[in-house]
A.B. asks: 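Sharing a structure, written as structure tokens. Questions coming.
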Amino acid sequence: MSWLPPLDLTSWPTTAEKAMALQDELRPLICPVTPPGARFRTVARLDSAYADTGAVTAAVVVLAADTLRPVASAVAHGAAAFPYVPGLLAFREIPATFAALEKLCTAPDLLVCDGQGLAHPRRRFGLACHLGLLTGVPTIGVAKTVWGEYAEPGPERGAATDITIDGAVVGRALRTRAGVKPVFVSVGHRIDLDTACAQVLALTPRYRLPETTRHADHLCRAALRTATGN
DNA sequence: GCGACAG
DNA sequence: ATCTTGTCGC
């Protein structure tokens with residue numbers, strides 16, 4: 001018995017129209033609130049790597065929130081299930097990512113995704129939202145580039161400004177390192193924006209991106225090379 | 001109409 | 001995402 005509910009890939013969308021319809025259908029189920037008493041003792045970072053052949057490898061690295069030390073990791077590989085389409089990244093990334101998560105013995109307390117959560121144009125349902133609903137685990141999106149409008153936050157670490165789309169606050173530009181381009185944080189599911197930003201700051205004591213990113217990035221790239229044959 | 005567009 | 005040379009800084 002896994003901590004993760006099964007993912008039925010036979011009904012995975014194969015067209016942009018069906019994918020967008022699914023996003024519209026799932027959007028109302030998002031809960032942007034941290035469950036009472038929630039504790040984030042372990043945090044997982046997710047990443048994917050692609051080969052020109054269409055092969056994909058996903059990696060998950062779990063770390064202890066207090067020490068930022070890795071405590072578990074897993075990889076999974078397969079074929080890209082969807083082309084890259086702006087706004088539909090989740091349909092490309094989730095199948096392999098989910099397979100990697102299935103290999104973990106226990107559920108992480110928080111999943112940190114590469115990309116957007118609610119800071120997603122038009123449908124407000126980015127990768128982090130989708131993965132949050134599928135896993136039931138709190139998720140946040142940390143993107144390197146933004147969709148939406150924001151004012152440049154102050155130069156010091158911790159400075160933040162709201163990101164808005166059509167006038168609605170959908171995330172926050174957060175300076176994780178003094179004098180360096182901010183990251184763009186948005187809620188995925190089961191966490192609030194303030195808590196999400198606090199978690200991202202806790203994960204970035206020295207680099208712009210969360211501590212585990214290099215680890216997850218190196219892990220899936222190395223695994224992809226092995227699976228592909230260098 | 002044209003360009004821009006998470007990873 | 002991925003492909004690449006050089007460069008700056010701790």
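Per chain, numbering begins at 1; letters A, B, ... match sequence-line order.
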A.B. asks: If I take atom CZ in residue A:F184 and atom C1' in nucleotide B:dG7, what distance separates them, rounded to the nearest angstrom?
C.D. replies: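 Computing the A:F184:CZ to B:dG7:C1' distance gives 15 Å.
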
A.B. asks: For the pair A:R190 (side chain) and A:C31 (backbone), establish whether a donor and an acceptor sit closer than 3.5 Å, ignoring hydrogens and angles.
C.D. replies: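 No, because the side chain of A:R190 does not come within donor-acceptor range (under 3.5 Å) of the backbone of A:C31.
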
A.B. asks: Nearest to the side chain of A:P86, heavy atoms from C-beta on, is which of C:dT2, B:dG7, B:dA6?
C.D. replies: B:dA6

A.B. asks: Would you say A:T176's side chain and A:R208's backbone share a donor-acceptor pair under 3.5 angstrom?
C.D. replies: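 Yes, the answer is positive, given that a donor and an acceptor are paired below the 3.5 Å cut-off.
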
A.B. asks: For A:Y84 and C:dA1, say yes or no: do the ring centres fall under 5.5 Å of each other while the ring planes differ by less than 30°?
C.D. replies: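 No, A:Y84 does not stack on the base of C:dA1, since the centre distance and plane angle fail the 5.5 Å and 30° test.
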
A.B. asks: How many whole angstroms separate atom CG of A:L88 from atom P of B:dA4?
C.D. replies: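 So the CG-P distance, A:L88 to B:dA4, works out to 20 Å.
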
A.B. asks: Rounded to whole angstroms, how far apart are CZ on A:R225 and C1' on C:dA1?
C.D. replies: 16 Å

A.B. asks: For the pair A:S186 (side chain) and A:G117 (backbone), establish whether a donor and an acceptor sit closer than 3.5 Å, ignoring hydrogens and angles.
C.D. replies: yes

A.B. asks: Check for a donor-acceptor pair, side chain of A:D109 on one end and backbone N or O of A:T42 on the other, with a separation under 3.5 Å.
C.D. replies: yes

A.B. asks: Among the candidates B:dG7, C:dT2, B:dA6, find the nucleotide nearest to the side-chain atoms of A:D114.
C.D. replies: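 Nucleotide nearest to A:D114's side chain: B:dG7.
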
A.B. asks: For the CG atom of A:L131 and the OG1 atom of A:T135, what is their distance to the nearest 0.5 Å?
C.D. replies: 5.0 Å

A.B. asks: On DNA chain C, nearest-nucleotide positions of A:D47 versus A:R177: which is more 5'?
C.D. replies: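 The residue closer to the strand's 5' end, by nearest nucleotide, is A:D47.
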
A.B. asks: May I have the distance from A:L46 (atom CG) to C:dA1 (atom P), rounded to whole angstrom?
C.D. replies: 14 Å

A.B. asks: Counting only N and O atoms by type, is there a donor-acceptor contact under 3.5 Å from the side chain of A:T161 to the main-chain atoms of A:E152?
C.D. replies: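 Not at all, since once roles are kept as given, no pair shorter than 3.5 Å links the two residues.
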
A.B. asks: Are any of A:Y50's side-chain N or O atoms less than 4.0 Å away from OP1 or OP2 of B:dG7?
C.D. replies: no

A.B. asks: At under 4.0 Å between heavy atoms, what does A:A119 touch on the DNA or RNA strands: base, sugar-phosphate, or nothing?
C.D. replies: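 Touches nothing.
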
A.B. asks: Would you say A:R41's side chain and A:A65's backbone share a donor-acceptor pair under 3.5 angstrom?
C.D. replies: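 No, because the side chain of A:R41 does not come within donor-acceptor range (under 3.5 Å) of the backbone of A:A65.
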
A.B. asks: Main chain of A:A196, side chain of A:R172: is a donor-acceptor contact present, judged purely on distance under 3.5 Å?
C.D. replies: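 No; zero donor-acceptor contacts below 3.5 Å.
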
A.B. asks: Can you list, by residue number, the residues of residues 131-144 of chain A that have a non-hydrogen atom closer than 4.0 angstrom to DNA chain B?
C.D. replies: A:A143, A:K144

A.B. asks: Hey, does the side chain of A:R92 come within less than 4.0 Å of B:dA6's phosphate (OP1/OP2), counting only N and O?
C.D. replies: no

A.B. asks: Let's go through A:Y150 and A:F184 carefully: what are the C-alpha distance in whole Å and the side-chain angles of both, what is the deciding distance for ring pair (Phe, Tyr, Trp, His ring centres under 6.0 Å) to 0.1 Å, and is it a yes or a no?
C.D. replies: CA-CA 10 Å; A:Y150 73 101; A:F184 306 96; 5.2 Å; yes

A.B. asks: In whole angstrom, give the distance that lies between atom CG of A:L89 and atom P of C:dT2.
C.D. replies: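 Taking CG of A:L89 and P of C:dT2, I get 12 Å after rounding.
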
A.B. asks: Verify side chain to side chain donor-acceptor pair (under 3.5 Å) between A:Y84 and A:E93, making sure each step is shown before the conclusion.
C.D. replies: CA-CA 9 Å; A:Y84 171 65; A:E93 303 248 308; over 6 Å; no

A.B. asks: Without decimals, in angstroms, what is the distance between A:W147 CH2 and B:dA4 P?
C.D. replies: 14 Å

A.B. asks: How many whole angstroms separate atom CG of A:D217 from atom P of B:dG7?
C.D. replies: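 Going from CG in A:D217 over to P in B:dG7 covers 12 Å.
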
A.B. asks: How does DNA chain C look in dot-bracket notation if pairs are Watson-Crick or G-U with both distances under 3.5 Å, crossing ones as [ ], other-strand ones as |?
C.D. replies: ..........

A.B. asks: Please report, rounded to the nearest Å, how far the C1' atom of B:dA6 is from the CD atom of A:Q116.
C.D. replies: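 Rounded to the whole Å, the gap is 5 Å.
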
A.B. asks: Report yes if at least one side-chain N or O of A:T145 is closer than 4.0 Å to OP1 or OP2 of B:dG7; otherwise report no.
C.D. replies: yes

A.B. asks: By the 4.0 Å heavy-atom rule, please label A:R122 as base, sugar-phosphate, or nothing.
C.D. replies: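 Nothing, no heavy atom under 4.0 Å.
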
